[in-house]
Amino acid sequence: MEKKRALVTGASSGIGREFALQLAAQGYTVVGVARREDRLKELLAVLPGDGHNYLVADLGSQAGVQSVTDAMQGERVNLLINNAGLSVLEPFYESSLSTQQNILTVNCESLMKLAHAFLRQSERGDALINLSSIVAYLPTPAQPMYSASKAFIASFSECLWEEHRARGVYVMGLCPGITQTEFIANATGGDSDGQTLPQSMTQTTGEVVAEALKALVARKKAIIVTGWKNRMMMLMPRLLTRHRLLKVLAVIGDPDNAMTNK
C-alpha cells in the first residue's frame with residue numbers, strides 16, 4: 001500500500017512542526033515547507049519513518065508560492081496543511097503598509113493559491129486543513145489584519161468544505177486559541193514571549209494537532225475549535241453585543257496589558 005503524502009507549510013516551528021511530527025508518526029511521508037532551511041533540516045532529522053523531504057520557500061513571494069505549487073504538481077499530495085501565517089502586534093496606522101500587505105499575502109493570498117493547486121489534484125479521501133484561529137470569530141483590535149485574515153480563512157474553509165463534500169475531499173478550518181509557540185515573540189519583534197497570557201487558556205502544539213487529526217479521521221465538521229475553554233469563548237458573540245465584544249477583546253488583546261512582560 002502506497003504511503004500517503006502530506007505537505008506542511010510553516011513546518012519549521014510551532015503548530016506546523018508538530019503537524020509534521022505527528023503525521024510522520026502516523027505513517028505519512030512529509031514535505032516540510034518554510035523559509036529557514038536550518039530548522040527544516042533539524043526537523044527532518046527527528047521525523048520518524050523515511051522518505052521525508054523539505055522545500056525552502058518564502059510564501060510572501062510569488063516565486064515561493066510557485067515552487068510549492070510546482071511540487072504538488074510534480075507528485076500528488078494527499079493532505080495539505082496550510083499552516084504558514086504571521087502577524088504584528090503594533091497599531092495598524094503606525095505599521096508600514098508593506099508589513100500589513102505581507103500579512104495579507106501570506107495569510108490569505110498564498111493560502112488561497114496553495115488550496116487551489118491542491119484541490120485541482122486532489123482525489124477522494126484527500127484532505128485540506130487551513131489554519132484559522134478563534135480570532136476569526138473574536139476579532140482582536142490589537143491585530144486587525146491578522147483577525148481579518150483569519151476570518152477570511154474560516155469562511156473560505158467553510159465554503160470549500162461544502163463544495164468538495166460530494167467529491168469525498170475533506171476541508172477543515174482549524175481554529176486554535178492561545179498556543180505555546182513562537183508566534184507572540186515573532187509578532188512583537190522579540191519584546192514578549194507571551195508568558196503573561198493566561199496559562200489556563202493556553203494549549204500545547206501537541207494538544208492542538210492531536211485534536212485536529214482526530215477531527216480529520218471523523219471528517220464531520222468544517223470548523224474545528226480546539227480546547228473546551230476556547231469552545232466556551234465562542235459563546236461570547238452570542239452573549240455580548242458586537243460593541244461590547246469589541247471593548248472586551250480590546251482589553252484582552254491589548255499588547256501593553258496582556259502580551260508584554262513587565
Side-chain angles (χ1 to χ4, degrees), residues 9-10 12-16 34-35 58-61 64-65 81-115 129-158 172-198 201-203 205 208 212 223-227 230 233-234 236-237 242 245-260:
T9 68
S12 61
S13 64
I15 293 174
R35 292 175 301 168
D58 179 1
L59 297 184
S61 71
V65 174
I81 310 294
N82 252 336
N83 167 75
L86 70 152
S87 182
V88 292
L89 279 163
E90 59 186 13
F92 175 77
Y93 77 99
E94 291 181 358
S95 176
S96 70
L97 182 58
S98 62
T99 295
Q100 298 298 322
Q101 287 177 322
N102 192 44
I103 294 172
L104 186 63
T105 297
V106 174
N107 293 11
C108 297
E109 182 180 345
S110 295
L111 178 142
M112 176 270 295
K113 289 179 177 178
L114 296 185
I129 298 179
N130 295 320
L131 260 291
S132 183
S133 166
I134 61 171
V135 302
Y137 304 97
L138 303 171
T140 304
Q143 300 183 80
M145 186 61 77
Y146 181 74
S147 296
S149 71
K150 293 303 181 178
F152 165 83
I153 294 171
S155 181
F156 181 58
S157 299
E158 287 178 308
M172 177 197 303
L174 181 61
C175 296
I178 302 169
T179 310
Q180 292 175 4
T181 68
E182 299 173 4
F183 179 81
I184 297 299
N186 292 334
T188 62
D191 290 340
S192 172
D193 58 8
Q195 291 304 306
T196 56
L197 292 170
M201 296 293 297
T202 302
Q203 287 189 292
T205 56
V208 170
I223 297 296
I224 302 298
V225 178
T226 64
N230 290 325
M233 286 187 66
M234 296 292 284
M236 290 175 65
R242 193 70 173 178
L245 178 65
L246 285 172
K247 288 177 70 68
V248 170
L249 294 172
V251 173
I252 295 174
D254 189 313
D256 293 329
N257 294 330
M259 295 188 180
T260 57

Does Cys175 offer a backbone N or O that forms a donor-acceptor pair with the side chain of Ser132 under 3.5 Å?
no

Rounded to the nearest 0.5 Å, what separation is found between the CG atom of Asn230 and the OH atom of Tyr137?
13.0 Å

Side-chain heavy-atom pair Leu138, Leu245 within 4.5 angstrom cut-off
yes

Can you find a heavy atom in the side chain of Pro139 that is under 4.5 Å from one in the side chain of Arg242?
yes

Can you name the closest pair of heavy atoms from Ser61 and Gly64 and give their distance?
OG-N, 3.0 Å

Short question: side chain of Ser149, backbone of Asn107 - any donor-acceptor pair under 3.5 Å?
no

What's the spacing between Leu131 CG and Ile15 CD1 if we round to 0.5 Å?
5.5 Å

Start with the C-alpha distance between Val208 and Leu174, add both sets of side-chain angles, then the distance that settles side chain to side chain contact (heavy atoms under 4.5 Å, CB included), and finish with yes or no.
CA-CA 9 Å; Val208 170; Leu174 181 61; 4.3 Å; yes

Roughly how far, to the nearest 0.5 Å, is the CG atom of Leu111 from the OG1 atom of Thr9?
7.5 Å

Backbone of Ile153 reached by a side-chain donor or acceptor of Ser157 within 3.5 Å:
yes

Heavy atoms, side chains only, cut-off 4.5 Å: are Ile134 and Thr226 in contact?
no

Note, Val65 side chain near Glu109 side chain (heavy atom, < 4.5 Å)
no

Closest heavy-atom pair and its distance - Asn130, Phe156:
ND2-CD2, 4.3 Å

Any chance you could measure Asn82, atom CG, to Met112, atom CE, to the nearest 0.5 Å?
11.0 Å

Gln143 versus Val135: any side-chain heavy-atom pair under 4.5 Å?
no

Could you tell me whether a side-chain N or O of Asn83 sits under 3.5 Å from a main-chain N or O of Gly10, the two making a donor and an acceptor?
yes

Roughly how far apart are Ser87 OG and Asn102 CG, rounded to 0.5 Å?
11.5 Å

From Asp58 atom CG to Ser110 atom OG, the distance as rounded to the nearest 0.5 Å:
8.5 Å

Check whether any side-chain N or O of Ser95 sits under 3.5 Å from a backbone N or O of Glu90 as a donor-acceptor pair, and report yes or no.
no

Does Leu249 reach the side chain of Pro141, with side-chain heavy atoms less than 4.5 Å apart?
yes

